[in-house]
Amino acid sequence: MTKAIMLQGTGSDVGKTVLVAGLCRLFANRGVRVRPFKPQNMSNNAAVAEDGGEIGRAQWLQSLAARVPSSVHMNPVLLKPQSETGSQIIVQGKVWGHARGKDYQALKPQLLGAVLESFAAMRAGTDLVVVEGAGSPAEINLRRGDIANMGFATRANVPVVLVGDIDRGGVIASLVGTYHILPEEDRRMIRGYIINKFRGDVSLFREGIEAINGFTGWQCHGIVPWLKAAARLPAEDSVVLERLARGSSGALKVAVPVLSRIANFDDFDPLRAEPDVDLVFVRAGERLPADAGLVVLPGSKSTIGDLLDLRDRGWDRDIAAHVRRGGRVIGICGGYQMLGHTVYDPLGIEGSVTETPGLGLLDIETVMAPEKTVRNSLAVSKEYDVPLSGYQIHLGLTSGADCERPSAIIDGRPDGAISADGRVMGTYLHGLFGSDAYRAKLLASFGLAGERMDYRASVDAALDDIAGELESVLDPAWLDSLVR
């Protein structure tokens, strides 16, 4: 039978996603047929799988690491937060429903069947499945009906390796505490642990390893250093967003307002990787920098809600002043919708507010509709006449005079809009900046000439670098046991 191993963390953001990606690439490089799997993910950074439907962007990256086509079965349950308390529920790539946090707890047992079905699909024709947990198994208040951690592991009989993050401190207590708080049924699933994000001399932690082993009886499968190459991978979720660099010394300053319901902000990773670009993520309470040459409005899980927040933060005035100074604006997906005169939601799809004025920078308006566009797309930029590739995940139909100047032709159809003066542009295409030729033309329009990097190749190289580091620090006997 196909083997499987599950990485669970002692908490959120301990590095599970990168480790799963690294292991997938490590085994793919060995010629092993490997696939990633995450039973339940919560993120507004989604991707369109190659078999159609939405999955977490992290699982798309892990499929790239495994060198296999992405599939909706790699992430059968995706929660996309729309408010502080409620989320859209995506099951096997399609919208299944909406629920508040408390209500979702009661719904989870209904989703276990889909999770196990998808896991079986991932095991078929594969040597190894590397599974990523969510949050921590020590959240025993959420154990009843769990499908993300030990509830899945026990039901699918998948052994678990715990990941502890030493960089945040308290790693001994977090591992030992997890051991003591878990019920015996869950504890016996754990086969060992990995210490992640270590800096400095590993020999100084020898007594720490002995202490953990003494308290738990678990084996340490390796101490992983701080993986610098991980910074070259697409960002996964809002936890990562809070840590992103606040700008560099690039010649072009690009400002991105961090909206409350920001989605698919990995759109900006190719710009962040450009040495000529100073990418600034602007948080609540901060002003948009007056010296920015370009403002980009990102995607949003709730366009109307984020429009209201944008105004509350005064960013509408900052953007208007930016345009008066001759600055340029690009809106992507929800950000594109915000650039128009009005956003209508007559059916209350996003909430109780059914109409709100936009920024008025494009002569368009958007009407929300229940049909959701989800597809990978090939396109051509109308601005620069270069090929584009990306994906669409959006609700709403946009129309207006500026749509007569489309920003792109996507799958043979006009998309987006450009203002009469050419300074404001919107599109529904995610992945715009990932197209090297488009990015080169855009930066050249700001006077930044020169050869641009191959972004996809840089991501692929980062995955190889991570796999190489993991192979050098993880217990070789343990790695071999995963495929024997």
Using atom types as modelled and distance alone, determine if a side-chain donor or acceptor of [X] lies under 3.5 Å from a backbone N or O of [Y].
{"X": "Gln88", "Y": "Gly97", "result": "no"}
{"X": "Asp146", "Y": "Gly151", "result": "yes"}
{"X": "Arg261", "Y": "Ser302", "result": "no"}
{"X": "Asp411", "Y": "Leu378", "result": "yes"}
{"X": "Asp266", "Y": "Phe268", "result": "no"}
{"X": "Arg199", "Y": "Asp167", "result": "no"}
{"X": "Ser435", "Y": "Ser389", "result": "yes"}
{"X": "Asn44", "Y": "Ala263", "result": "no"}
{"X": "Asp127", "Y": "Val483", "result": "no"}
{"X": "Arg123", "Y": "Ser118", "result": "no"}

Would you say that [X] contacts [Y] through its side chain, given a criterion of any heavy-atom pair below 4.5 Å between the two side chains?
{"X": "Val130", "Y": "Ile5", "result": "yes"}
{"X": "Ile349", "Y": "Pro370", "result": "yes"}
{"X": "Ile166", "Y": "Asn196", "result": "no"}
{"X": "Arg67", "Y": "Asn29", "result": "yes"}
{"X": "Lys197", "Y": "Val14", "result": "no"}
{"X": "Leu308", "Y": "Thr356", "result": "yes"}
{"X": "Val282", "Y": "Trp315", "result": "yes"}
{"X": "Arg272", "Y": "Val277", "result": "no"}

Shortest non-hydrogen contact between [X] and [Y], atoms and distance:
{"X": "Leu307", "Y": "Gly358", "answer": "CD1-CA, 4.1 Å"}
{"X": "Ile332", "Y": "Leu429", "answer": "CG2-O, 3.8 Å"}
{"X": "Arg25", "Y": "Ala467", "answer": "CG-CB, 3.7 Å"}
{"X": "Ser71", "Y": "Ile55", "answer": "O-CG2, 3.5 Å"}
{"X": "Leu259", "Y": "Gly299", "answer": "CD1-O, 4.4 Å"}
{"X": "Gly56", "Y": "Asn41", "answer": "CA-ND2, 3.9 Å"}

Distance check, rounded to the nearest 0.5 Å: [X] atom [atom1] versus [Y] atom [atom2]?
{"X": "Met189", "Y": "Leu182", "atom1": "CE", "atom2": "CG", "answer": "11.5 Å"}
{"X": "Leu470", "Y": "Phe27", "atom1": "CG", "atom2": "CZ", "answer": "10.0 Å"}
{"X": "Ile194", "Y": "Leu23", "atom1": "CD1", "atom2": "CG", "answer": "6.5 Å"}
{"X": "Asp103", "Y": "Gln105", "atom1": "CG", "atom2": "CD", "answer": "9.5 Å"}
{"X": "Leu7", "Y": "His221", "atom1": "CG", "atom2": "NE2", "answer": "9.5 Å"}
{"X": "Leu297", "Y": "Leu339", "atom1": "CG", "atom2": "CG", "answer": "5.0 Å"}

I'd like to know if [X] and [Y] make a salt bridge, using a cut-off of under 4.0 Å between side-chain N and carboxylate O.
{"X": "Arg232", "Y": "Asp269", "result": "no"}
{"X": "Glu54", "Y": "Lys80", "result": "yes"}
{"X": "Arg187", "Y": "Glu184", "result": "yes"}
{"X": "Lys301", "Y": "Asp306", "result": "no"}

Would Cys220 and Ile212 count as a side-chain contact (heavy atoms from CB on, under 4.5 Å) if you check the C-alpha gap in whole Å, the side-chain angles of each, and the deciding distance to 0.1 Å?
CA-CA 9 Å; Cys220 178; Ile212 296 168; over 6 Å; no
Determine whether the aromatic ring centres of residues Phe37 and Phe152 are separated by less than 6.0 angstrom.
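Under 6.0 Å, so yes.
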Between Tyr179 and Trp218, is the ring centroid distance below 6.0 Å?
yes
Would Met453 and Glu274 count as a side-chain contact (heavy atoms from CB on, under 4.5 Å) if you check the C-alpha gap in whole Å, the side-chain angles of each, and the deciding distance to 0.1 Å?
CA-CA 7 Å; Met453 59 178 288; Glu274 287 283 356; 3.6 Å; yes
Can a side-chain donor-acceptor contact be found between [Y] and [X] if the only test is distance below 3.5 angstrom?
{"X": "Tyr428", "Y": "Gln337", "result": "yes"}
{"X": "Thr366", "Y": "Thr398", "result": "yes"}
{"X": "Asn149", "Y": "Arg143", "result": "no"}
{"X": "His430", "Y": "Asp267", "result": "yes"}
{"X": "Glu50", "Y": "Asn376", "result": "no"}
{"X": "Thr373", "Y": "Gln392", "result": "no"}
{"X": "Thr354", "Y": "Asp345", "result": "no"}
{"X": "Arg35", "Y": "Ser70", "result": "no"}
{"X": "Glu132", "Y": "Gln8", "result": "no"}

Testing Val20, Leu233, Asn45 for side-chain contact (heavy atoms from CB on, under 4.5 Å) with Leu61, which one passes?
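Going through Val20, Leu233, Asn45 one by one, the side-chain contact (heavy atoms from CB on, under 4.5 Å) with Leu61 is satisfied by Leu233 alone.
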For atom CZ of Arg168, decide whether the heavy atoms of other residues, nucleotides or ligands shown that lie under 6.0 angstrom number more than 12.
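Check passes, neighbour count above 12.
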So for atom CZ, which belongs to Arg30, do other residues, nucleotides or ligands contribute more than 12 heavy atoms lying within a distance under 6.0 Å?
yes
